[in-house]
There are 2 protein chains.
Amino acid sequence: MTETRLGQRKTKQRDTILEVIRSASGPLTVEEIHQRGQHDVPGLGIATVYRTLKLLQEAGLIETVILPTGETRYEPTELGHHHHFHCRTCDVVFDLDACPVEIPGGGSYPGGYIVEDHEITLYGTCPACHV
Amino acid sequence: MTETRLGQRKTKQRDTILEVIRSASGPLTVEEIHQRGQHDVPGLGIATVYRTLKLLQEAGLIETVILPTGETRYEPTELGHHHHFHCRTCDVVFDLDACPVEIPGGGSYPGGYIVEDHEITLYGTCPACHV
DNA sequence: TGAAAAACAATAACGACTTATCATTTTCCC
DNA sequence: GGGAAAATGATAAGTCGTTATTGTTTTTCA
């Protein structure tokens with residue numbers, strides 16, 4: 001269990017925000033984090049969410065994901081290489097484990113492009129949204 | 001050749017902006033479009049660029065791409081299914097033809113996700129940047 | 001427990017990007 | 001070619017996500 005002490009003091013707000021992000025099934029928006037955090041910390045302020053996200057990023061515990069829609073979301077760094085599935089029906093974003101890409105890291109691509117990394121978002125319907 | 005008449009009148013600015021986007025080797029930022037357009041139309045205003053981008057989108061001639069960096073870029077709709085390569089050295093974004101994804105459209109994914117579409121960005125070094 | 005410092009909530013301010021305004025220029029159709 | 005309407009360029013204003021400010025509350029440690 002990683003030490004949650006980010007600044008000098010341990011607070012319910014910070015513990016809660018990190019836990020919200022870690023227990024999610026996909027990357028969350030600031031708004032989602034704010035709302036879910038309020039279950040544990042009623043009155044949680046939006047500024048605290050932003051402050052804590054910044055601290056968590058500086059501590060290397062979370063990272064930013066920007067989806068092709070332009071939405072900024074946050075996810076735990078502890079997840080390894082993975083991609084995202086965006087359900088067009090419910091708009092929820094899920095983590096996926098399997099990687100559908102054929103190119104290995106370090107591979108090269110027609111035209112002479114040397115590929116070091118890749119980022120993928122899949123779109124469609126999630127299990128809960130199709131009958 | 002598609003009719004460039006977007007509003008009621010044909011102008012050098014609009015022709016130029018569309019041509020800049022069509023002749024690019026990858027999606028361009030507003031700034032890039034503005035700068036390249038000024039080769040043909042000195043004094044081209046940034047407001048005109050934004051106005052024209054909106055018209056071109058409404059006309060279905062171009063579309064917006066938001067990269068994982070959060071950068072908004074524009075590319076011609078006439079390009080079919082393709083992906084992007086972002087060179088980490090020169091920061092230029094290129095179109096790629098080959099699609100490295102194994103999942104066919106309409107395929108399904110472990111966990112019950114029905115995949116309709118996907119978006120990919122590759123990162124690495126472009127031909128011009130490696131020795 | 002009590003005091004100093006850190007963190008908080010509320011909200012004003014900021015910054016980057018985009019859109020609106022308006023006087024001037026350009027297009028286009030008679 | 002000339003005039004009405006559209007488009008332009010300059011820039012002010014608006015938007016929206018994020019950060020800074022400030023007075024209050026909470027944490028921590030003697």
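Residue numbers start from 1 in every chain, and the chains themselves are labelled A, B, ... in the order their sequence lines are given, proteins ahead of strands.
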Atom-to-atom span, [atom1] of [X] to [atom2] of [N] - whole angstrom:
| X | N | atom1 | atom2 | value |
| --- | --- | --- | --- | --- |
| R9(B) | dG3(D) | CZ | P | 15 Å |
| K10(A) | dT28(D) | NZ | P | 8 Å |
| I66(A) | dC17(C) | CD1 | P | 12 Å |
| H34(A) | dG17(D) | NE2 | P | 14 Å |
| L53(B) | dA20(C) | CG | P | 15 Å |
| E71(A) | dC16(D) | CD | C1' | 14 Å |
| K54(A) | dT18(D) | NZ | C1' | 9 Å |
| L67(A) | dG17(D) | CG | P | 15 Å |

If only side-chain N and O atoms of [X] are considered, is one of them under 4.0 Å from the OP1 or OP2 phosphate oxygen of [N]?
| X | N | result |
| --- | --- | --- |
| Q13(A) | dA9(C) | yes |
| R14(A) | dA7(C) | yes |
| T72(A) | dG17(D) | no |
| T11(B) | dT8(D) | yes |

Determine all donor-acceptor pairs shorter than 3.5 Å in which one atom belongs to a side chain in residues 57-65 of chain B; sequence neighbours excluded.
{"residue": "Q57(B)", "atom": "NE2", "partner": "T64(B)", "partner atom": "OG1", "Å": "2.4"}

Indicate whether any N or O donor in one side chain lies under 3.5 Å from an N or O acceptor in the other, for [X] and [Y].
| X | Y | answer |
| --- | --- | --- |
| H118(A) | H83(A) | yes |
| H86(B) | D91(B) | yes |
| H84(A) | E75(A) | yes |

For this session: Could you tell me how the ring of F94(A) sits relative to the ring of F85(A): parallel (under 30°), tilted (30 to 60°) or perpendicular (over 60°)?
Result: tilted

Exercise. Which sits closer to the 5' end of DNA chain C, V30(B) or R51(B), going by the nucleotide each is nearest to?
Worked result: V30(B)

For this session: Mind checking side-chain contact (heavy atoms from CB on, under 4.5 Å) for H39(A) and listing every partner two or more places apart, or none if nothing turns up?
Result: none

Exercise. Is a salt bridge present between D40(A) and K12(A), judged by a nitrogen-to-oxygen distance below 4.0 Å?
Worked result: no

Problem set entry | Close approaches to DNA chain D from residues 41-50 of chain A, in residue order (heavy atom, under 4.0 Å) | A47(A), Y50(A)

